[in-house]
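Per chain, numbering begins at 1; letters A, B, ... match sequence-line order.
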There are 4 protein chains.
Amino acid sequence: MGIYERKQREKQRRRKDIINAAQKIFSVKGFNSATMEEIASAAELSPGTIYLYFKNKEELHTSLSIDILKYLSIQIHKVVNLDIHVEEKIERFRDVFIDLYDHDPNILINLFHLQSGETLHNLSDEVMEQLKQNSAQAHGAIIQVIKEGIEKGIFIDEHPVAMADVLWGSYAGVVLWVDSKKKLNNQKDFVKSTLITAFKIIIQGLQKK
Amino acid sequence: MGIYERKQREKQRRRKDIINAAQKIFSVKGFNSATMEEIASAAELSPGTIYLYFKNKEELHTSLSIDILKYLSIQIHKVVNLDIHVEEKIERFRDVFIDLYDHDPNILINLFHLQSGETLHNLSDEVMEQLKQNSAQAHGAIIQVIKEGIEKGIFIDEHPVAMADVLWGSYAGVVLWVDSKKKLNNQKDFVKSTLITAFKIIIQGLQKK
Amino acid sequence: MGIYERKQREKQRRRKDIINAAQKIFSVKGFNSATMEEIASAAELSPGTIYLYFKNKEELHTSLSIDILKYLSIQIHKVVNLDIHVEEKIERFRDVFIDLYDHDPNILINLFHLQSGETLHNLSDEVMEQLKQNSAQAHGAIIQVIKEGIEKGIFIDEHPVAMADVLWGSYAGVVLWVDSKKKLNNQKDFVKSTLITAFKIIIQGLQKK
Amino acid sequence: MGIYERKQREKQRRRKDIINAAQKIFSVKGFNSATMEEIASAAELSPGTIYLYFKNKEELHTSLSIDILKYLSIQIHKVVNLDIHVEEKIERFRDVFIDLYDHDPNILINLFHLQSGETLHNLSDEVMEQLKQNSAQAHGAIIQVIKEGIEKGIFIDEHPVAMADVLWGSYAGVVLWVDSKKKLNNQKDFVKSTLITAFKIIIQGLQKK
DNA sequence: TATGAATGAGGTTTCATTCAT
DNA sequence: TATGAATGAAACCTCATTCAT
């Protein structure tokens with residue numbers, strides 16, 4: 001491995017460090033309450049260093065989501081290409097989400113927040129484009145499966161984009177909503193079991209009688 | 001009407017003015033970007049005055065949501081007590097939401113944001129309690145209908161609280177998600193039609209085959 | 001005096017306090033090295049307060065110069081309208097400048113700095129307009145006198161705007177240059193006597209032989 | 001040429017590279033807005049390297065001016081030693097300045113800024129001394145010519161140092177002032193023609209009637 | 001009760017400078 | 001000697017909140 005390569009790798013590692021730290025802080029405090037200094041401190045770096053890797057706070061935050069979307073997109077595409085029943089594919093989607101939620105509930109919540117958020121202003125064109133593309137890709141894969149279900153005569157024949165939106169929106173909604181109930185009522189975490197119920201309902205709802 | 005009563009009424013009116021102004025500003029700018037001065041200005045009051053009616057910015061914001069939750073709770077309860085089929089009740093729930101979204105999309109989005117949000121820290125016990133109660137009431141009414149459906153043998157027999165969560169979460173998710181797509185892609189507003197699809201799917205999903 | 005008037009006056013007084021403090025600090029430290037906190041501290045105010053009166057650091061700095069230009073413009077116009085010889089008018093200009101320099105050398109230096117400076121970017125249109133107008137007015141009055149001299153056959157007949165520029169530029173240059181020598185050599189202040197020499201030279205230079 | 005000498009020469013060349021780059025950047029951006037990184041980048045070096053050749057940003061900036069002063073001093077001395085009329089010598093001074101302005105208007109402006117500037121604080125004694133000496137030398141040459149004029153009975157007999165200051169200050173002032181008007185009013189560049197007028201006036205002003 | 005000027009803590013961001021390689 | 005990633009101090013500015021009137 002040449003020096004150049006080693007440096008590139010080192011740089012990527014540092015970038016990853018920052019992303020990890022940011023994830024942790026944003027998760028706990030939310031976008032506005034999290035400070036760059038906290039994030040720097042968590043990454044065991046100085047504030048200035050962060051700005052060598054990310055243009056500003058907003059772009060750092062968005063980068064987290066892009067990373068998740070990339071991962072999600074990959075996982076979802078894997079499912080799409082499997083040789084299994086359509087309903088089963090939807091169940092696999094559910095599992096992908098549950099896995100993600102399992103890994104770090106806050107990642108997911110951050111992602112949904114970004115999309116429904118107030119920010120989205122200071123992003124560079126490049127990052128904005130990445131966000132759109134990755135988002136579209138994950139979403140597109142879901143639509144594809146819905147269409148497959150319709151074509152095979154298994155799913156009801158509604159507007160497939162809207163149907164995919166329902167699926168994705170329900171994921172997001174259930175996660176956000178049940179998560180918020182935890183905060184309000186301090187109940188134990190039943191996001192996962194609720195998601196399972198959600199998918200049971202939705203899959204049945206999608207099917208032709 | 002005595003002087004005391006008149007004063008109380010006057011006070012309530014002023015409070016309502018502030019809430020209306022806050023709604024307008026929060027809708028457009030979001031929680032963090034909205035400033036107390038803007039809100040005061042919109043209410044034709046001075047910043048200081050707002051603090052005579054609300055403990056702080058966060059509590060003002062929460063009050064909006066409580067108001068919506070109250071209204072929502074009332075509407076939902078009306079539906080619960082109607083002498084119509086269970087499925088139809090769910091459809092009516094949907095219409096209640098669509099009405100609300102129609103009236104001001106941002107109200108609803110604000111509500112969902114609150115619940116999934118970063119705030120929820122500086123609230124006084126009293127406001128927190130109100131929030132919980134009103135939330136629980138709206139939610140409870142939905143659960144009740146789900147249970148009714150189960151008891152009548154129409155709905156599948158899963159954990160009814162979770163089923164209600166799916167319903168509510170899907171509302172929220174679809175609204176947030178489709179709304180965010182508007183921002184990202186500038187597509188025309190099809191939140192409402194998506195919601196109709198969502199409910200078609202969910203109602204069918206809830207039913208026993 | 002009504003309440004409104006008193007408040008306006010109070011506001012003006014506060015504004016003046018800030019300007020005075022800023023003058024002091026900018027004089028000693030220059031634009032970039034001066035900090036808003038220092039200025040606030042010198043004005044016995046908090047940093048935030050300054051921003052109630054001035055949009056930003058740059059506009060505060062510019063306001064100083066506008067104030068001087070206003071004063072200068074008035075003094076110069078007074079001279080223009082006097083019923084005295086043209087050469088004498090130029091001498092009076094010199095005295096106006098010497099007075100100003102006497103009052104606060106740094107004021108003048110600040111003014112020249114602004115005009116030859118790197119900044120001039122964040123100014124609001126309004127302030128920019130004021131700056132131009134006041135600058136043009138003072139300058140215009142000088143041109144007027146030059147023209148008068150030419151018309152009366154006393155001054156050489158060159159491009160009068162350029163001649164006025166020479167006059168003004170020489171003021172500025174002598175002040176800046178001799179002032180800088182003070183810094184370099186710690187000589188005692190002979191700006192004033194140099195200015196007198198300068199005007200003797202320039203007046204004779206302006207005259208037809 | 002020994003190794004030592006070659007190294008010295010190499011070092012001087014590198015130093016010159018940095019100075020050239022710095023000149024370019026300072027010209028366009030001014031002292032404060034120019035960054036060391038930009039300068040390093042323009043010199044195709046890394047920031048750290050600059051600090052091997054210059055103590056700090058201020059000293060780098062000052063070095064530019066010293067270089068100009070050196071050049072100026074040489075040119076002025078050349079004029080002093082010419083066998084021509086005194087008035088013509090002054091005109092040659094003017095041409096030297098116009099040449100310099102022609103070559104890079106910003107160099108000159110930078111020089112004047114330095115002298116009237118906010119910096120001049122972090123300079124090492126050595127650099128400070130150089131600055132003083134070179135400045136004194138250029139200035140001294142001008143004084144010498146003024147004195148020559150006085151001795152020959154051509155120029156009025158005022159304090160010759162002050163007269164030289166007027167000359168130099170007028171240069172600086174006209175350049176700075178007319179240049180600033182360009183910025184304010186976007187008029188076309190007439191610095192040079194104004195300088196010519198300036199010298200016409202000043203030369204005549206210096207002469208005995 | 002209402003005001004609104006003043007506060008001042010705290011946030012983001014920049015950039016001259018250092019130092020391990 | 002040269003590098004350039006990292007530093008971290010310090011600056012500008014915002015805005016929720018207070019309090020004298």
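Between D:Phe31 and D:Phe26, the two ring planes are parallel [angle under 30°; tilted spans 30° to 60°].
Nearest to the side chain of B:Tyr51, among E:dT12, F:dA16, E:dA16, sits F:dA16. Checked against F:dT1, F:dC12, F:dT7, the side chain of C:Thr35 finds its nearest nucleotide in F:dC12. When distances are taken from the side chain of B:Pro47 to each of E:dT1, E:dT17, E:dG4, the shortest belongs to E:dG4.
Going from atom CZ of C:Phe54 over to atom C1' of F:dC12 covers 16 Å, rounded to whole Å. Distance CG (D:Asp17) to P (F:dA2): 11 Å, rounded to an integer number of Å.
With salt bridges taken as basic N to acidic carboxylate O contacts below 4.0 Å, one links B:Lys16 and B:Asp67.
Each of A:Glu10 and C:Met36 lies near DNA chain F, and the nucleotide nearest A:Glu10 is the one positioned closer to the 5' end. Along DNA chain F, the nucleotide nearest C:Asn56 and the nucleotide nearest A:Glu44 are compared for position; the residue whose nucleotide lies closer to the 5' end is A:Glu44.
Look at A:Thr49 and you won't find any side-chain N or O under 4.0 angstrom from OP1 or OP2 of F:dA6. Phosphate contact (OP1/OP2 of F:dA5, side-chain N/O of A:Tyr53, threshold under 4.0 Å): absent. Remark: D:Arg14 is not in phosphate contact with F:dT1, judged by side-chain N or O atoms under 4.0 Å from OP1 or OP2.
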